[in-house]
Amino acid sequence: MLNSQIATRRDTAISKGVGMQTQIYAARASNSEVWDVEGTRYIDFAAGIAVVNTGHCHPKVVEAVQTQLQAFTHTCHQVLPYENYIHLAERLNDKVPGDFDKKTVFVTTGAEAVENAIKIARAATGRQAVIAFGGAFHGRTFMGMSLTGKVAPYKKGFGGMMPDVFHAPFPIDLHGTSVADAMAGIEKLFKADVDPARVAAIIIEPVQGEGGFYPAPAELMRALRALCDEHGILLIADEIQTGFARTGTLFAMEGYDVVPDLTTMAKGLAGGLPLAAVTGRAEIMDAAQPGGLGGTYGGNPLGIAAAHAVLDVIEEEELCERAAALGEQLKQRLTQIRADVPQMVDVRGPGFMVAAEFNTADGSAPDADFANAVRAEALSRGLILLTCGVYGNVIRFLAPLTIPEDVFAEALDILEASIRAVKGA
Ligand code: PMP
């Protein structure tokens, strides 16, 4: 079967609302490599959008899922519970930042984790309003979409957003927005739009993901924590894209000297099986009445089994350290390339959550075309890259943390050749 034949069928069968970065139909995958239906091999610097941090089909993850598959696939934890769900909650309660008693709830997708974090925050505070940031991404459900700080394609045409959701500017030095501007934005919201006594939570990604891989400055996190404490607001860290060793620590919030009250997780948690979680202060997590949280598939046994294996692999293979080392190598290489590519205006990111940002050669405007051309060029040379950013002018690098040295070296050569080819074009 050819990719082009399936692409034609896709056009007929699948809603145009589902976006697409490639027309390469996957046949099999192993660690950091994938093969399509035509037998062409690619190096995967997307990892299913930051999901298979432990590589495609890690043998330990596969084995754990196979064992669970043979025992039972689904009972619904609310009907017939199972021990490994409890044990995974214990492991997350132990590992999620915060030196206090914690509890966890499992759901299925990232958006659902965000929805539930907001429900819990509302139940615990008796307040309604939520503050998020411009450029943020929190999902495609109604609350997730409302919290998301980018209109097209996420909100356009989908009608009214949820009430009582407000956005503050996210500080990005490169774009001329400082931490002081961000905090002034929130103070302005308190003056013009919402009484702080009505705000249940502030939700923030420690590193904005879809929005462009912009790390939240430590000073911002400290200021938000202080503001939350002053007004009785809960701080929610959305670690859905940053989680599970990607940033060089298990959670990105470990890199800050303040802790959130609630943390959302998904993606890297279960190595490709759909599993998501909210973990937070025990008394806050207990605010929802029994039956108010959960779902038929929340904490599905296969996802739970996979997540245990993922946590084991991260520890055994020291993937936090590996993320830091790989990220360093990638940033060094990009910095070298940058010396003669004026379009590359920034190279950044903690651990192996690295991105390069592109502007027009005179530096005056975001250059999404350049970023897209590099992505297409790399794809034609066998390397899968993803773009991101409110202006679409950022390339993010999300290879599995288990990528072998020789494959990584090969990918870096393809990346360099692709950037130079586009620059020279
Ligand atoms: N929050 C963040 C920070 C994300 O990166 C994403 C997914 N890109 C989501 C929420 C939504 O997750 P899902 O697609 O699993 O619903």
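When a ligand or atom number is given, it counts from 1 through the structure's own listing order. Note that the structure is a prediction, hence the values are computed from the model and not measured. Positions are given from 1, in the same order as the sequence printed here.
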Whether [Y] and [X] form a salt bridge (side-chain N of Lys/Arg under 4.0 Å from carboxylate O of Asp/Glu) is what I want to check.
X	Y	answer
Lys95	Glu315	yes
Arg381	Glu377	yes
Asp286	Lys103	yes
Asp193	Lys188	no

- Exercise check, heavy-atom protein proximity under 4.0 Å to atom 14 (O) of ligand 1: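 Under 4.0 Å from atom 14 (O) of ligand 1, zero protein heavy atoms found.
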- Task: Could you list which atoms of ligand 1 come closer than 4.0 Å to a heavy atom of Gln241?
- Result: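 Counting atoms of ligand 1 from 1, those under 4.0 Å from Gln241 are 5 (O), 8 (N).
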- Report, in ascending order of atom number, the atoms of ligand 1 lying under 4.0 Å from any heavy atom of Glu205.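 Selected atoms, number and element: 3 (C).
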Should [X] be counted as touching ligand 1, given the test is an N or O pair under 3.5 Å?
X	value
Lys267	yes
Asp238	yes
Arg140	no
His138	no
Gly139	no
Ile240	no

- Should the ring pair His74 and Tyr297 be called parallel, tilted or perpendicular, given that the plane angle runs from 0 to 90° and is split at 30 and 60?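 If you compare the ring of His74 with that of Tyr297, the planes turn out tilted.
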- Query: Once the angle between the rings of Phe352 and Phe408 is folded into 0 to 90°, is it parallel (under 30°), tilted (30 to 60°) or perpendicular (over 60°)?
  - Reply: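 The rings of Phe352 and Phe408 stand perpendicular, inter-plane angle above 60°.
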- Find out whether the Lys NZ or Arg CZ of Lys156 is both under 6.0 angstrom from the six-membered ring centre of Phe158 and within 45° of the ring's axis.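 No, Lys156 does not lie over the aromatic ring of Phe158.
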- Message: Just to check, does Gly209 reach to within less than 4.0 Å of ligand 1 when the distance is taken from its heavy atoms?
- Response: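 Flag not set, Gly209 not near ligand 1.
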- Message: Do Asp367 and Thr360 pair up side chain to side chain, a donor and an acceptor below 3.5 Å, judged on atom types alone?
- Response: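 Judged by distance alone, the side chains do not pair up.
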- Message: Any donor-acceptor pair under 3.5 Å linking the side-chain atoms of Ser178 with those of Asp181?
- Response: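 Result is yes, a qualifying pair exists.
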- ligand 1 contact on Ala266 by region, counting heavy-atom pairs under 4.0 Å: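 Neither part.
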To check your reading of the model: name the closest protein heavy atom to [atom], its residue, and the distance in Å.
atom	result
atom 2 (C) of ligand 1	Phe137 O, 3.4 Å
atom 12 (O) of ligand 1	Gly110 CA, 3.3 Å
atom 11 (C) of ligand 1	Ala111 N, 3.6 Å

